[in-house]
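Reading through the structure tokens given below for one structure.
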Amino acid sequence: MSVLIFVENWDGKFKKLSFELVSYGAKLAEMLNTEAVALSIGNVINSELEKLGNFGAKKIISAVNNSINVFDSEVYTSIIAGFAKQEDAKVVVLSHNNTGKAIAPRLSVQLKAGLGSGVSKLPQRIDPFMVYKKVFSGNAFSNLTINTGIKILTLAQNSFELVETPNNSIINEISIDWNPSSVKTTVTEVQKQSGKILLTDADIVVSGGRGMKSSENWGPIVELADLLGAATACSRPVSDEGWRPHEEHTGQTGKIIAPNLYFAIGISGATQHLAGVSSSKFIVAINTDKDAPIFSAAQYGIIGDASKVLPKLVEAVKVVKGI
Amino acid sequence: MKILVCISNVPDTTTKVKFVDDKKKLDTAGIQWIINPWDELSLTRALELKDDTTNGVQSVTVAHVGLIGAEPTIRKALAIGADDAIRINADPSDAYFVAFQLAQVIKSEPYDIILCGIESSDFNGSAVGGMLAEFLGYPSVSSVSGVGIVDGKIIINREIDGGKEIVSVPMPVVAIVQKGIAKEPRIAAMRGIMMARTKPLRVIEPFEVESLTTVINFEMPTPRAACKFIDAENPRQLIELLQNEAKII
């Protein structure tokens, strides 16, 4: 028996979300009285793989095949399903990110295993297996039972604390056979920005809305983000107007994020916007309208014009940072 | 080439949801129902592809799993421009059940491109598209922010962390769609609304399959503590609170 955790790598490296997943899987394995097995696919060096042991993985499977150099959801599903059977997995855990969302539903059908997606806590109960998940885009939660022998869970990002444990893991490198002709996805071009903090990974996000009035006023937002090591974001009207790129749009139909700290500047806080940011641990709102709904979601608020408040805020951060 | 768009019928996204029956059921009183936002964008893009006759798209069909109450939403999809619609007459119990129903229909009448929204705004499952592809044994591409047809082949933009990829896959394919695929949803014109009344809407009885999950009940989010206001003249105080009280910077 085991809890199998699929741990994605980015150019051979893991990141915080990988360790969150392993921490979650290890705690879940404890609840089920079994062991956590981490599965990595692709070339990752041993010193990186070992890090997964620090968060409770007892066994780390490194599945290697040089012909798989593209993300194909069918191929990944088959590999993970194969290891789930081999390791007699009772639960398979993936991240609720682009990759996890692409694989988990296919895996659910292949293993005939019920799927609990975007869970943010350990199961409420084991028998019946009941998970707690967001519904109605964060306006409510549901208690969902998964009624199959094998269960699949995707874990919402930044919803589980890292739990470090003494490392007594073993690494199994397994070379997997794969017929390259079964890989149906061909990637013809990759467009990637480098050096920017990813919105979905960022601990702090500084976001501007229509109250910023024009794209020319974004300077202090970018400056504040740089000072705090934060990512920048925006509300839907801002990306619709083309003031900022649509990749920055956070909200129901844009990116759904859960940073530790979210600055909503000149954002009124429509339901659709809150759906994308309500899982943030702390929200700071700056808005001229004291009745704006964003203030009911925020812990800290400043009533005032962003163009006047922001420069002072930037100065205050500089003083604190000793710049 | 034939395109199928799978649509879900969801409460308007501004709805303040309430639950009844010991918090086991959604209180549907006064709810305005809409096409799930991601499905609506998928439909818009499908119609754009059909409008450009060089793409060779013969038809755009919409499919929905739900009871008769969803028909106004299906008619809206027809009014926007879909050619015909299929409703599988069942109360959707979970994503596995819904995907199985859709797969049975597609097996008997194949499509080249199947578009599904990446999630529905009610249950946020992010599941039906991938499950459907697996039931059919079709390739699937998720996090799709663009779909085009070049020389009869499908070209897909796929969002990845920090950027995007341009991807090609053989058809038939399930494309699981997120934001970016179409700029704004298409709005039904009066002529479309008139025509929608006579467009074919076939009702198919459901296929036997179990659900793998059950919603036991709903909970409302824990209300946040009241907002602490800071003087606009003194943002320094905010930074101090973030450092000493929240301990996050």
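Sequence lines set the chain letters: A, B, ... in the order given, protein chains first and strands last, and positions in each chain run from 1.
For the residue pair A/Asn147 / B/Thr214, a side-chain donor-acceptor distance below 3.5 Å is found, with atom types taken as modelled. In the model, A/Ser117 has no side-chain atom that pairs as donor or acceptor with a side-chain atom of B/Ser126 under 3.5 Å.
Looking only at heavy-atom pairs under 4.5 Å with chain B, the residue among A/Lys308, A/Lys101, A/Glu315 that has the most is A/Lys101. If you tally non-hydrogen atom pairs under 4.5 Å between each of B/Asp231, B/Asn234, B/Asp122 and chain A, the highest count goes to B/Asp122. Between chain A and the residues B/Gly163, B/Ser120, B/Gly125, B/Ser140, the largest count of heavy-atom pairs under 4.5 Å involves B/Ser140. For chain B, the option among A/Ser137, A/Ala270, A/Ala102, A/Gly304 with the highest count of heavy-atom pairs below 4.5 Å is A/Ser137. Put simply, of A/Asn260, A/Val131, A/Leu261, the one with the most heavy-atom pairs under 4.5 Å next to chain B is A/Leu261. For the set A/Tyr132, A/Trp10, A/Phe129, A/Phe71, the count of heavy-atom pairs under 4.5 angstrom toward chain B peaks at A/Phe71. Chain B forms more heavy-atom pairs under 4.5 Å with one residue of A/Lys290, A/Lys255, A/Lys192, A/Lys321 than with any other, namely A/Lys192. Contact count against chain A (heavy-atom pairs under 4.5 Å) is highest for B/Leu242 among B/Val141, B/Ile118, B/Ile176, B/Leu242. Counting heavy-atom pairs closer than 4.5 Å to chain B, the top-ranked of the candidates A/Val319, A/Thr271, A/Val135 is A/Val135. Options B/Pro37, B/Ala133, B/Ala225, B/Ser145 differ in how many heavy-atom pairs under 4.5 Å they form with chain A, and the most are formed by B/Ala133. Contact tally against chain A (heavy-atom pairs below 4.5 Å) for B/Glu119, B/Glu210, B/Arg158, B/Glu184: the top residue is B/Arg158.
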- Output, in order, the C-alpha distance, side-chain angles, deciding distance and verdict of side-chain contact (heavy atoms from CB on, under 4.5 Å) for B/Tyr138 and A/Glu74. CA-CA 9 Å; B/Tyr138 291 178; A/Glu74 275 177 297; over 6 Å; no
- [ ] Under the side-chain hydrogen bond (donor to acceptor under 3.5 Å, both in side chains) rule, what do A/Asn98 and B/Glu159 come out as? Steps first, then yes or no, please.
- [x] CA-CA 8 Å; A/Asn98 286 337; B/Glu159 297 289 306; over 6 Å; no
**Message:** Pair B/Ile230, A/Val284 - check side-chain contact (heavy atoms from CB on, under 4.5 Å), show working.
**Reply:** CA-CA 10 Å; B/Ile230 293 124; A/Val284 170; over 6 Å; no
Note to self: Show, in sequence, the C-alpha distance, side-chain angles and deciding distance for A/Lys312 and B/Glu233, and conclude whether the salt bridge (Lys or Arg N to Asp or Glu O under 4.0 Å) test is met.
What the structure shows: CA-CA 8 Å; A/Lys312 287 182 191 146; B/Glu233 294 302 318; 2.9 Å; yes
Between A/Thr200 and B/Asp161, is a side-chain hydrogen bond (donor to acceptor under 3.5 Å, both in side chains) present by the stated rule, with each step listed?
CA-CA 8 Å; A/Thr200 44; B/Asp161 290 339; 4.5 Å; no
- request: Give the C-alpha distance, both sets of side-chain angles, the deciding distance and a yes or no for side-chain contact (heavy atoms from CB on, under 4.5 Å) between A/Glu189 and B/Val167.
  value: CA-CA 7 Å; A/Glu189 198 184 318; B/Val167 167; over 6 Å; no
| field | Audit row: B/Arg224, A/Ser296, side-chain hydrogen bond (donor to acceptor under 3.5 Å, both in side chains) steps and yes/no | value | CA-CA 8 Å; B/Arg224 290 193 182 239; A/Ser296 6; over 6 Å; no
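Looking at every heavy atom in both residues, A/Ser108 comes nearest to B/Leu212 through OG-CD1, 4.3 Å. A pairwise comparison of heavy atoms in B/Ala232 and A/Ile303 identifies CB-O, 3.5 Å as the closest pair.
Taking 4.0 Å as the cut-off between side-chain N and carboxylate O, B/Lys179 and A/Glu247 do not count as a salt-bridged pair.
Ring centroids of B/Phe229 and A/Tyr300 are separated by 6.0 Å or more, keeping the two rings apart.
Between atom OG of residue A/Ser142 and atom NZ of residue B/Lys24 there is a gap of 13.5 Å, rounded to the nearest 0.5 Å. To the nearest 0.5 angstrom, A/Lys134 atom NZ is 14.0 Å from B/Phe123 atom CZ.
Side-chain atoms of B/Ile248 and A/Lys281, non-hydrogen and from C-beta on, never get closer than 4.5 Å to each other. Residues B/Ile249 and A/Leu228 are in side-chain contact: their nearest non-hydrogen atoms beyond the backbone lie under 4.5 Å apart.
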